[in-house]
Amino acid sequence: MQNMASDDALKVRDLRFSWDTQTADILNIKNLDIPMGRSLFIHGPSGSGKSTLLNLLSGVLSVQHGSIQLLGKEFSSLRAAKRDKLRADHIGYIFQQFNLLPYLSVLDNVTLPTKISTQRRQGKARHARALTEEAEHWLAQLQVPRSVFSQPVSRLSVGQQQRVAAARALIGSPEIIIADEPTSALDQQNIDNFMTVLTQQCRSIGSSLLFVSHDMQLAGFFDATYDLHPSTPGEQE
Amino acid sequence: MNWIHLALKSLWNRRVTALLTLLMVSVSVCLLLSVDRVRTDTRSSFGNTLSGTDLLIGSRTGSLNLLLYSVFRIGNATNNISWQSYQELKNHKDVKWTIPISLGDSHKGYRVVGTNESYLQHYQYGRQHGLKLQQGVWFADVFEVVLGAEVARQLNYQLGDAVVIAHGTGSTSFEQHDDRPFKVVGILAPTGTPVDKSLHIPLEGITVLHVDWQSGVKRQGKTTSVDDTLSLDLTPDSITAFLVGMNSRLKAFGFQRQVNEFRKEPLMAVIPGAALQELWQLIGIAENALMAVSVMVIVTGLIGMVTVIISSLNERRREIAIFRALGAKRNTLLGLLMVESGFYGLAGLVTGYGLHVLLMGIANSHVQNRYGIELTIGWPNESMMVILSSFLVTTVILGLLPGYRAYRQSLSDGLSANV
């Protein structure tokens, strides 16, 4: 609607979504911007449509109404395969838990995105490094002990697994990191530790961090907060 | 491509199920290959057993039956031909040569054939191959025996060994003609035909064996010494069948009619090729049934494979969500599952072929001994290659089914599913 400033990583306009036409919208967002290199905390209690929002933002779900722009380009109107490609190139994704493929080693799990996306393989931040070296760099940054690098992921603690997942999201320096309650399975000490390194590292490569959680206490780690209310149309930031 | 690597690693992660699925696919491939191989081997084995013979003559029976007992040594004759009739027909002007055959005795399960030297001279198999002696000479005396190659090998007989011949054709006949052993004077070169499994003795030898025997039972209290026996007239009363070579092949039909209308006793003459044709028709039914069953087994195997892959998708939702988060497109998921099903197809072909070779190797000696059919090992023929390639292509295409399912599932699960 207004002139696209390309300094927004994600720009959401008038986004509405419902699973079928009869029921009320489970998501209704008038305006939501995530500037480049900034972090945003999305507070969403269960039932607030946060899963739907994340699936829309990452391009898995098709937008029914409204628009999403990714890095200044229209995203929501693209074909599914195009959106998948953009997700591979520009978005690092961290799940709530079970992020890792059990049949790959820690290092192989981390380098996975670079095998799918050429762009992430060439990673703008550390293009001079070999892939394994970069994976090791990120694991080290996220305080994963070197002794577990080549071990099967089943040997890792939950906290370590989440940090490995973060390293995977960060490798190749994608512009946007999306994290879906990554700390919900961690204890308090691990949460603080995880949050500190994650926000730090995102800042260090200039990636925007979009973090969803129901835990309001985490909001302090972020530049901005957005409240996702359960099905209350018209109530925005 | 890296997805292939990933698909195989994922498969390795589920290796127990994968192995069993692979086993299912390879057993079905093995069955198809083996049935086809046995079929062609049976045909070539039967087809190669006899050549150059224009007519088979025996007492009246089915032409197939005559072929089976006189040439393949399968089953028994119902009746004999009298020596007089044989002499009469043998001296017909159009007949070039005859090979008399007298059956009914055995040695350790191998058939004994009473015949004469025209067997060595005129019997032909395969593409006009004649018989050759590997060691020794053809028999010249009543108590001499010439062994088929396999008899000599299996029973480990050398020239000069004594062989006791039993009455009847069972391998453990109680009625041993142990008073009159035969001496091995010659061993034939291998032919791959029932000749290899035969012991050849003179027609007179057969007569000698049955002196003092009546209706298949040894007469009590009567023993004629060997010397006395030899002084008797040893001309046989009858023979079981004989093979005929004509001066001209064209005369065969006329002579065949004459034999079939022979007044003195009910005889029949058959052209080996025609009788063989009858055999093919008979075997053809069984062959087609077997092929149909193996095709059904292949289809069952493929259905089983797709079922296994589809049912594995539920426990792989996590894995698929991770792939999707990393940017896997619909085509990527389709590809992943096509790699998986194609892997089952390819590995199934390779291991199925291996199993088949193993099976043929193991079964060969048994089948060879029991049925005289040599099972060969080799690459599948052209039409089988076409079937196997379409099998492979089908397995790859079948991957689309679970592939689409995985994609649809990933859409409804989204990225945040905690499955």
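The basis for the numbers below is simple: all heavy atoms, side chains too, and nothing from hydrogens, waters or symmetry mates. Just so it is clear: chains get the letters A, B, ... in the order the sequence lines come, proteins before strands, and each one is counted from 1.
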Within 6.0 Å of CZ in B/Arg405, more than 12 heavy atoms from elsewhere | no
Where A/Ala88 and B/Gly327 come nearest, the two heavy atoms and their spacing = CB-CA, 3.7 Å
Chain A contact residues among residues 289-298 of chain B, heavy-atom distance under 4.5 Å = none
Bottom line for A/Ser117: the part with an atom under 4.5 Å from chain B's heavy atoms is neither
A/Leu104, part contacting chain B, at a heavy-atom distance under 4.5 Å | side chain
Heavy-atom side-chain proximity of B/Leu6 to A/Lys115 below 4.5 angstrom = no
When rounded to the nearest 0.5 angstrom, what is the spacing between CZ in A/Arg87 and NZ in B/Lys329?
-> 9.5 Å
Under 4.5 Å to a heavy atom of chain A? For B/Arg324 that would be both
Rounded distance [0.5 Å steps], CG in B/Leu411 versus OG in A/Ser62 = 8.0 Å
Under 4.5 Å to a heavy atom of chain B? For A/Asn99 that would be backbone
Do the numbers put B/Arg15 on top of the ring of A/Tyr103, so that NZ or CZ is under 6.0 Å from the six-membered ring centre and no more than 45° off the axis?
-> no
Heavy atoms only: give me the nearest A/Val60-B/Ser410 pair and the separation to one decimal.
-> CG1-O, 4.4 Å
For A/Ala81, is it the side chain, the backbone, both or neither that has a heavy atom under 4.5 Å from a heavy atom of chain B?
-> both
Of all heavy-atom pairs between A/Phe95 and B/Ala325, which one has the smallest distance, and what is that distance?
-> CZ-CB, 3.7 Å
What part of A/Arg83 lies closer than 4.5 angstrom to a heavy atom of chain B: side chain, backbone, both or neither?
-> neither
Hey, which of A/Leu101, A/Val212, A/Ile178 has the most heavy atom pairs under 4.5 Å with chain B?
-> A/Leu101
Could you grab the distance from atom CG of A/Leu100 to atom CD1 of B/Ile322, nearest 0.5 Å is fine?
-> 6.5 Å
More than 12 heavy atoms from other groups under 6.0 Å of CD on A/Gln217 = no
Looking at CZ of B/Phe323 and CG of A/Asp84, how far apart are the two atoms once the value is rounded to the nearest 0.5 Å?
-> 14.0 Å
